[in-house]
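Down below is the structure, laid out as structure tokens.
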Amino acid sequence: MRTALLLLLAGSAFAQASPESAKVDQIFAIYDKPDSPGCAVSVMHGGHTVYKHAYGMADLDHDLPLKTTSVFHVASISKQFTAASILLLAEDHKLSLDDPIRKYLPEVADFGKPITIRHLIHHISGLRDQWSFLGLAGWRYSKDLITDDDVLAFVAGQKALNFPTGSKYMYSNTGFTLLAQIVKRVSRKSLREFTTERIFKPLGMTSTHFRDNHAEIVKGMAYGYDRENDKAPWEMSITNFDTVGATSLLTTVEDLAKWDENFFQAWARNGMTAKMLTRGVLNNGEVLPYAFGLVVGNHRGLPTVDHGGADAGYRAGLIRFPDEHFSVACLCNLAGVNPSQLAYKVADIYLVDRMQPAVGESKPGTVTLQPDAMKSVSGLYWNPAESELREVKVAKGKLRYVVNGVQEADLLPLSDHRFHVTQGDLDVEIAGGQLIEARQKEKTTFAMKPAGPKTADVLKQYAGVYRLDELESEWTLAVDKDHLTLTRLRARPGRMDPQIAGVFTNRGGVVEFTRGRDGQVNGFVLNSGRIRDVHFHRLK
């Protein structure tokens, strides 16, 4: 390590004036304004906080600035505390990680193969994600009050899984909500009570707790904010649900420093750190990056452990470089920012001498394609096995890559048939009417398909009322001039955009219509991110 970093450990006063801290301030300068929400950051090394600072406002109504003691909702960073609670109960011999969850939650449906506690922890249970699935019934995420009982009721009504248990990884908030319920039933204490007694009080995390009452008054709270665009006014965006485990932890960057150091101290000595870093394994033996509410990875050649969080107007990131005994906590109260990315930028400042060159410094060069070459790879590509759709299109002289009609990014040409997607570690090869996505060891093949008809006469065959029995939810599709419109409970009418024959996209995902033996449309199958193979049948 550089001498400058070692000197930072001498005391916080010196740390506040270091060249590194000035560079950190530059990263967050855009938020350091009296009319903007912002972020709080804490940098830890060798058991000491070497720099901490807050930028922007905690409460725009009352002109209250953020502090490093400001309390944030940290969304999915909650998961590591829920997983730790399960491990503590296992240490107490109150449960086993390989216990079937129906031993504690008999209301969960029997899907044949038992779903275990371990399956929930590593997101390999196949259970559909609570937020995505409830949204199909009209529940408005972070606006409608959603409780633990609501989630349990939806799980009890599930008729099918996204995939056979243990066969795939798919992030599911549902699993961690159920883990919190297991903690409650085994310990006879709420997750809030259990974590306060076993984790937060022993570590001196006095500003941290699981918020299980959305109406609770919390001193020093930073309120979340969002806005439609950079010129629009800020609007308050806060959570409105009484469900814990997957989310709902309130904490500060100062308290997260205490939690982080525990991984190098007591828990490292008693084996808990190693258990928290135990990664999931699929049925086929593939080892996953996801451990116990933590993701094991690598940044510029250095091992990392991290997890982020996003709910309403809150964003959170906590990253750890275990071999360097170095960590960064970054908590923000504005949507649209990526605190994990910011935290890695902070780490780049302090650990630059230990790191490999940044990806941007060694990425493969791009080439310039002529208009005819860009046109030759443009079109719609379909994977029927996964009901996944990709579109390659030309916009303003550049290639764009659209995933399932929603997510869009630049497609950078590396040659006339090889490309790189700017968002995510994804390479694409297009040749002979086929598109192949390559992400690490995984490859997915799509075939080019002609665009489906869009005339009103053709669209009429899809108009009707469709029902999802699992949620007692009905969707109404109607032709409005030259397009199909979706109307459902508590949601604004939205367009169904035709893609290939019988396949449409909307904000909910990819809709593939089905037909009976008579050739008439009798329903559709919805696939969207964290929910798969959801069947609606036609009522009329």
Greater than 12 external heavy atoms within 6.0 Å of E107's CD: yes
Sub-3.5 Å donor-acceptor pair from the side chain of [X] to the main-chain atoms of [Y], do we have one?
X    : Y    : value
R279 : V296 : no
T165 : S125 : yes
T273 : R269 : no
R128 : R532 : yes
R315 : N338 : no
N262 : Q265 : no
S70  : K67  : yes
T116 : D98  : no
R192 : K189 : no
T196 : E193 : no

How close do [X] and [Y] get, heavy atom to heavy atom, and via which atoms?
X    : Y    : result
G317 : L331 : N-CD2, 4.4 Å
L145 : H214 : CD1-ND1, 3.5 Å
I77  : L318 : CD1-N, 3.9 Å
N506 : V406 : O-CG2, 3.9 Å
S167 : L282 : O-CD1, 3.8 Å

When rounded to the nearest 0.5 angstrom, what distance separates [atom1] in [X] from [atom2] in [Y]?
X    : Y    : atom1 : atom2 : result
T195 : L191 : OG1   : CG    : 4.5 Å
T251 : K258 : OG1   : NZ    : 9.5 Å
E197 : S187 : CD    : OG    : 8.5 Å
C39  : N333 : SG    : CG    : 7.5 Å
M221 : F72  : CE    : CZ    : 9.0 Å
R530 : S132 : CZ    : OG    : 6.5 Å

What pairs with W259 under side chain to side chain donor-acceptor pair (under 3.5 Å), at least two apart in sequence or on another chain? Q80
List the residues meeting side chain to side chain donor-acceptor pair (under 3.5 Å) with R227, not counting sequence neighbours, and say none if there are none. none
NZ or CZ of R320 within 45° of F326 ring axis and under 6.0 Å: no
Report the C-alpha separation of H73 and Y314 in whole Å, then their side-chain angles, then the decisive distance to 0.1 Å, and conclude whether the side-chain hydrogen bond (donor to acceptor under 3.5 Å, both in side chains) test is met. CA-CA 6 Å; H73 171 100; Y314 294 100; over 6 Å; no
What I want to find out is whether [X] reaches [Y] closely enough, with some N-O distance under 4.0 Å, to be called a salt bridge.
X    : Y    : answer
E324 : R300 : no
R198 : E91  : no
E474 : R488 : no

Pairwise side-chain contact, [X] with [Y], heavy-atom cut-off 4.5 Å (strictly under):
X    : Y    : answer
L60  : Y225 : yes
L277 : L294 : yes
S76  : N173 : yes
D61  : Y223 : no
V186 : I86  : no
V244 : F176 : no
E388 : N404 : yes
L250 : V218 : yes

Stepwise ring-ring contact (aromatic ring centres under 6.0 Å, His included) test for W131 and F241: CA-CA 11 Å; W131 305 128; F241 36 72; 4.8 Å; yes
Do [X] and [Y] have a side chain donor and acceptor closer than 3.5 Å?
X    : Y    : value
S21  : S18  : yes
D260 : S327 : yes
T208 : D255 : yes
T243 : D148 : yes
E254 : T68  : yes
H123 : Y169 : no

Determine, step by step, whether Y466 and H535 satisfy the side-chain hydrogen bond (donor to acceptor under 3.5 Å, both in side chains) criterion, reporting the C-alpha distance in whole Å, the side-chain angles of both residues, the deciding distance to 0.1 Å, and the verdict. CA-CA 10 Å; Y466 298 80; H535 289 255; over 6 Å; no
Show, in sequence, the C-alpha distance, side-chain angles and deciding distance for H537 and F524, and conclude whether the ring-ring contact (aromatic ring centres under 6.0 Å, His included) test is met. CA-CA 7 Å; H537 67 270; F524 64 78; over 10 Å; no
Kindly indicate, with the supporting measurements, whether the criterion ring-ring contact (aromatic ring centres under 6.0 Å, His included) is fulfilled by Y31 and Y55. CA-CA 6 Å; Y31 313 114; Y55 311 84; 8.3 Å; no
Pair K79, Y171 - check side-chain hydrogen bond (donor to acceptor under 3.5 Å, both in side chains), show working. CA-CA 12 Å; K79 290 180 171 67; Y171 194 91; 2.9 Å; yes
Can you tell me how the ring of Y344 sits relative to the ring of F321, calling it parallel under 30°, perpendicular over 60° and tilted otherwise? perpendicular
Please walk me through it: do E216 and H209 pass side-chain hydrogen bond (donor to acceptor under 3.5 Å, both in side chains)? CA-CA 12 Å; E216 175 189 4; H209 70 274; 3.3 Å; yes
Disulfide bond (SG atoms under 2.5 Å apart) against C330, all qualifying residues, sequence neighbours excluded: none
Check: F194 ring centroid to F210 ring centroid under 6.0 Å: no
Given V295, which of I319, L288, D306 fulfils the side chain to side chain contact (heavy atoms under 4.5 Å, CB included) condition? D306
